[in-house]
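Just below is one structure, and these are the notes that go with it.
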Amino acid sequence: MTRILVIYTGGTIGMKQNPETGALQPFNFEQIREEMPVLKKFNFTIDAISFHPLIDSSDVQPDFWIKLCRAIAENYDKYSGFVILHGTDTMAYTASALSFMLGNLEKPVILTGSQLPIGAIRTDGMENMVSAIEIAATRYRGRPCISEVCIFFGTKLLRGNRTTKDSAELFGAFRSGNYPFLAEAGIHIKFNHNNIHRTGQWGKPLHLHTNLDTNVAVLKIFPGLNPQLMKNILSLPELRAVVLETYGSGNAPTTRWFIDTLKAASDRGLILINVTSCPTGGVNMEKYANGLTLKEVGVISGYDMTTEAAICKLFLLLGQEGDNEVVKLLWQKNISGEMTIN
Ligand code: ASP
């Protein structure tokens, strides 16, 4: 018996205009159901739960991810798949975090939302939600077709920890610059089976990793970066890791103060991860002399990971392991298909 659980957390999909201020604010899930009688046409069970309070996803914090993981764990045995209705602003962060926090996942967890509220005439919420539910219910060779955390948006199903929101305007709001889409919805939903994660060992119990350490900073490198600002960030007392968003294939300035600042931080044990600010492609610190200098002072490659995935992976690894040197080793291992190591 196929049973899908829809978890409504907030976001534009379920928002309506406040008549006094004109701003969008969340409304309760029963109203979404009224707007979507089409859900009754599926020949399987769809249940729904709603979070309280409903939030604009720009209010998402790690506690919210823990709450989501627990909601999935509590309902894991009762349902064949999960669809999470979530705001688009931080959906890529939530998808990345969940992909690391839900250990041994064997069922689909599909996040979706919309650019226009469900009640709007041209809403994309209806298509997104209906396709996400259909994907979550699809089986392949006797098992759920998808057994990972994904985002369905526009026409594409994307691996969650490979996504970035890249449009505040278009219905195809998410990009997976370094990993092919897992399915495409047209007249039929076509799955790209070769790129879908298939777990080798079935039957292991779901294992939640809810211990997160958020002592992580992101430092975007740009011409004119203030030396004192960089030094101040890197010497924050509790800080354990920094994601450096660099140029191209992982390059940064070779100015003396810049390299010395990084070296001093690395020598103090800080974990320095290099991700590219480019929408596609990854880090190769051996390609240019500038990149090589970073490697020599202890900067570690983030390969082709998104900044979102790098932050969330650090939260998880730092939460699991108190020794930064061990975290550096653990970093090299793929947890759930978040990076391509050549
Ligand atoms: N601010 C909204 C949110 O992320 C935007 C959206 O849902 O698209 O919750």
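Please read all numbers here as calculations on a predicted model, not as lab measurements. Order of listing sets the numbers, starting from 1, for every ligand and every atom in it.
From the protein, the heavy atom lying nearest to atom 8 (O) of ligand 1 is T88 OG1, 2.4 Å. Annotation: atom 1 (N) of ligand 1 to nearest protein heavy atom, D89 OD2, 2.8 Å. The single protein non-hydrogen atom nearest to atom 4 (O) of ligand 1 is S57 OG, 2.5 Å, given as residue, atom name and distance.
Proximity to D56 (heavy-atom distance under 4.0 Å) selects the following atoms of ligand 1: 1 (N), 2 (C), 3 (C), 4 (O), 9 (O). Close contacts between ligand 1 and T12 involve ligand atoms 2 (C), 5 (C), 6 (C), 7 (O), 8 (O) [criterion: under 4.0 Å to a heavy atom]. Those atoms of ligand 1 that come under 4.0 Å of a heavy atom in G11, given as number and element, are 7 (O), 9 (O).
Classification of D267 and K263 as a salt-bridged pair holds, one side-chain N sitting under 4.0 Å from a carboxylate O. Note on E184 versus K190: no salt bridge recorded, every NZ/NE/NH1/NH2 to OD/OE distance being 4.0 Å or above. Taking the charged nitrogens against the carboxylate oxygens, K78 and D47 have no contact shorter than 4.0 Å, which rules out a salt bridge. Between E338 and R162, none of the side-chain N atoms (NZ, or NE/NH1/NH2) sits under 4.0 Å from a carboxylate O, so this pair counts as no salt bridge.
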Distance-only check: which donor-acceptor pairs under 3.5 Å involve side-chain atoms of residues 290-300, not counting sequence neighbours?
from: N290; atom 1: ND2; to: A252; atom 2: O; distance (Å): 3.1
from: T293; atom 1: OG1; to: A289; atom 2: O; distance (Å): 2.9
from: K295; atom 1: NZ; to: E286; atom 2: OE2; distance (Å): 2.2

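For S114, every heavy-atom contact with ligand 1 shorter than 4.0 Å involves the backbone, none the side chain.
Between H209 and F315, the gap from one ring centroid to the other reaches at least 6.0 Å.
Backbone and side-chain nitrogen or oxygen atoms of K165 are examined, and none is located within less than 3.5 angstrom of a nitrogen or oxygen of ligand 1.
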